[in-house]
Structures are given as C-alpha cells and as structure tokens.
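Below, each value reflects all heavy atoms present in this structure, side chains not excepted, and no hydrogens, waters or symmetry copies.
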Amino acid sequence: MIITPFGTYNGDSWEEHCQVFLKMKYEADGYQEMTAHTNGDLGIEGFTREGIVFQCYCPDEEYDSSKLYEHQRGKITEDLGKLKKFKSQLLKFFQGVKIKKWIFITPKITNKELIRHCHAKAVEYRIDETMKDLLDDSFDVLAHDELFYGKEIIQAKQILDEKININVSIPDADEIINWKQCQTASIAILDRKIGSLFLGLDEPNRSKRTNKYIDLQVRNYIKGQEILNHMQRTYSSAYEKQVKIKSSIASHLEAEVLLTDLAPKELLDDTLEKYKTALMGEKFHDVFEFSVYNDLCHEAIASWLIDCPLDFGG
C-alpha cells in the first residue's frame, strides 16, 4: 500500500483508477485498454490510436526515496523489454501506427534520477534498428505521477464511489513554535480573543487553557493551509467554491459579532456550524473524506480568529 495526497493504493486499486481516468482523458484519442486476463497485457495497460502507450505501477509498500526509485527503475526496464519480446503481437494491435510515447504512470515520484533513466531508455530504443517497425523516430519514455491526472482522478473516485483524501502531516511542536514566533501580532490577537472563552476560571487555569487553545488553533491553521494549497493546485473548482463560501461568511461576521447576544463559546459553535452547512450545500462531504471536510472547517475558524472577523464581546 502507498499513501499519496489523493488516497491510498495498492497495485490493483491503482490500476483500476488508472484505467478509469485514462479512458476519460484519452477517449477522443481512441484509448483502448489492454486486458491482462488472456496471455498477459504485453507490457502495456493501454494505448491510443495516436501512438501513446501506458504502463501503470504502484509499489506494494511505502519505500524510502532510494528504494522506491530502484523498484520504479526496474519496472520501467522490465516492461520496456516486453516491447521487444512481444513486438510481433503488438504490431498486430497497432496496425501501422508507430509508438511515439511510452508513459509510466505511478502514484508518486521522489527521485529525479527516474527521469534520467527514462531519457536514457528512450535514446536506447530510438537507435535500436530492430524496433523501427514498431517505434516512431521520435519515441520517448516519460514518467507521470498522479498530479498529471488530478482532475481525472477526482472523477474516477466518484465513478468508483470513493471519496478524496488529502494527506498532509500534522504540524509538530517546532512548527507551531516557529509560526508563533513569526506572527507575534496574530498571537496577541488570539490571546485576547481566546481568553474570552475561559472567563470565570482562576488565572493559572485560564492562562493554561488559553495557551493550549492558541496552539490548537495555530495547528489547525497550518494544517488547513497545506490542504488548501493542495486543493488550489489539484481541485481548483472545489477550492474556488470554498473561497467564495469562506469570504461570504467572513464579510458578515463583523456585523454579527457586534449584534449577537450569544456567549463566546456559543458564537464559536454557531459560526462553525454555519460553515459546515455551507460546505455541505456544495456537496463537499460527498466528494472529500470526513477528515478533509473537518480540517477545512477548523482551518476557517482558526483563520477568522487570527484575521479578526471572528471576535467576542461585541
């Protein structure tokens, strides 16, 4: 199994996803799947009538960068070799169309040496006289990770009835401390606002809870910003919807804070619920896993506390 920003995959589930998004992306180019149920897949998962072939690979487990590169390099070398081994059979499928690109699709690429290896193999096969009847003179070998198919992966997951996960790390204590040291003005604002949530407690307990809650809000903000950055790059439509929802609520928060009769904790809960409901209205919970949906909600609260619209006390 391998974990990526888009989800968790093994060899079978990755191939299943690849077939769905390749059919969507290359339908107009006459994409054809090469099923492996009879006599193997001949070293390719599918091809287009334009001369592009694809091979999918997902490692069996999480490897470090060096080990992952070794497995990916070995797989590329092995499967390119099948072009020679099964050339006579492939010629019957391609019917005079020469292969221009051989694309290796893998969830993630962590070592740039894989690109160099692809280029070296492309040169090797281009100058091989025995392959001239199958390969175009411009034959190239490319490696693609999942980011090349971000939009299609979203659609593939919906077709396969899966929700999208965005895996980002939880900020550690050092990240939180560094952020606080760089954002002293924001911390002062948070300290004043969050202190209002713990009125009535004796001073040692109030300070302790205030500091702890500040750390939680900073953590939620940092993690949420990473999720949003990823959404902006790969799920632009969902990102833009989120921006509009968040901006609309923020534009009215200042007036609501001035007029509200709600206690600080009630106002906080009410604002969070309003944002959750708005996201649900745009079907975020149908597309993204609960963890993503939940992290977005807590990022919004943290950002409103830091950036001023959400305040307590009128």
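Cation-pi check for Lys84 over Tyr125 is met; the charged atom lies under 6.0 angstrom from the ring centroid and within 45 degrees of its normal.
Under a 3.5 Å cut-off, the side chain of Ser186 and the backbone N or O of Ile306 do not form any donor-acceptor pair. Side-chain N or O atoms of Thr77 include one that pairs as donor or acceptor with a backbone N or O of Arg73 at under 3.5 Å. In this structure a side-chain-to-backbone donor-acceptor pair under 3.5 Å is present from Arg126 to Phe139. Panel note: side chain Glu45, backbone Glu15; no donor-acceptor pair is recorded below 3.5 Å. Not one N or O on the side chain of Lys246 forms a donor-acceptor pair closer than 3.5 Å with the backbone of Tyr275. At least one donor-acceptor pair under 3.5 Å links the side chain of Arg206 to the backbone N or O of Gly195. Counting only distance, with no hydrogens or angles, the side chain of Trp102 and the backbone of Gln55 share no donor-acceptor pair below 3.5 Å. No side-chain donor-acceptor contact under 3.5 Å links Thr184 to the backbone of Gln181. Although no hydrogens or angles enter the test, the distance criterion places a donor-acceptor pair under 3.5 Å between the side chain of Lys193 and the main chain of Leu305. No donor-acceptor pair closer than 3.5 Å links the side chain of Thr210 to the backbone N or O of Asp191.
Taking all atoms of both residues into account, the shortest heavy-atom contact from Cys58 to Gly11 is CB-CA, 4.1 Å. Across Lys132 and Asp137, no two heavy atoms sit closer than the pair NZ-OD1, 3.8 Å. Considering every non-hydrogen atom in both Glu203 and Ser207, the closest pair reads OE2-OG, 2.5 Å. Nearest heavy atom pair, residue Leu262 against residue Thr260, reads N-OG1, 2.9 Å. Across all non-hydrogen atoms, the minimal contact from Gln89 to Phe93 is O-CD1, 3.2 Å. Heavy-atom minimum distance, Phe288 versus Ile166: CE2-CD1, 4.1 Å.
Aromatic pair Trp179/Tyr221: centroids less than 6.0 angstrom apart.
Taking the six-membered ring where tryptophan is involved, the planes of Tyr293 and His285 are tilted, since the angle between them lies from 30° to 60°. In this structure, Phe47 and Phe94 have tilted ring planes: the angle between them lies in the 30° to 60° band. In this pair, Tyr26 and Phe54 present their aromatic rings tilted. The plane angle is within the 30 to 60° band.
Asn10 and Ser13 are linked by a side-chain donor-acceptor pair at a separation below 3.5 angstrom, with hydrogens and angles left out of the test. Side-chain polar atoms of Asp64 and Ser66 form no donor-acceptor pair below 3.5 angstrom. Gln19 and Tyr31 share a side-chain donor-acceptor pair at under 3.5 Å.
Contact check on Glu33 versus Lys23 returns a salt bridge, with a Lys/Arg side-chain nitrogen under 4.0 Å from an Asp/Glu carboxylate oxygen. Contact check on Asp215 versus Lys180 returns a salt bridge, with a Lys/Arg side-chain nitrogen under 4.0 Å from an Asp/Glu carboxylate oxygen. Salt bridge annotation for Glu78-Lys85: absent, with no cationic side-chain nitrogen under 4.0 angstrom from a carboxylate oxygen. Salt bridge Asp79/Lys82: present, at least one basic N to carboxylate O contact under 4.0 Å. Ionic pairing of Lys274 and Glu256 is present here: one or more N-O contacts between side-chain nitrogen and carboxylate oxygen are shorter than 4.0 angstrom. One finds no salt bridge joining Lys223 and Glu226 here, because no Lys/Arg side-chain nitrogen approaches an Asp/Glu carboxylate oxygen to under 4.0 Å.
The hydrophobic cluster containing Ile170 does not contain Leu216, counting ILVMFWY residues as joined when their side-chain heavy atoms lie under 4.5 angstrom apart, directly or transitively. Neither Leu268 nor Leu199 shares a network with the other; the hydrophobic side chains, linked directly or stepwise wherever heavy atoms of I, L, V, M, F, W or Y lie under 4.5 Å apart, form separate groups for each.
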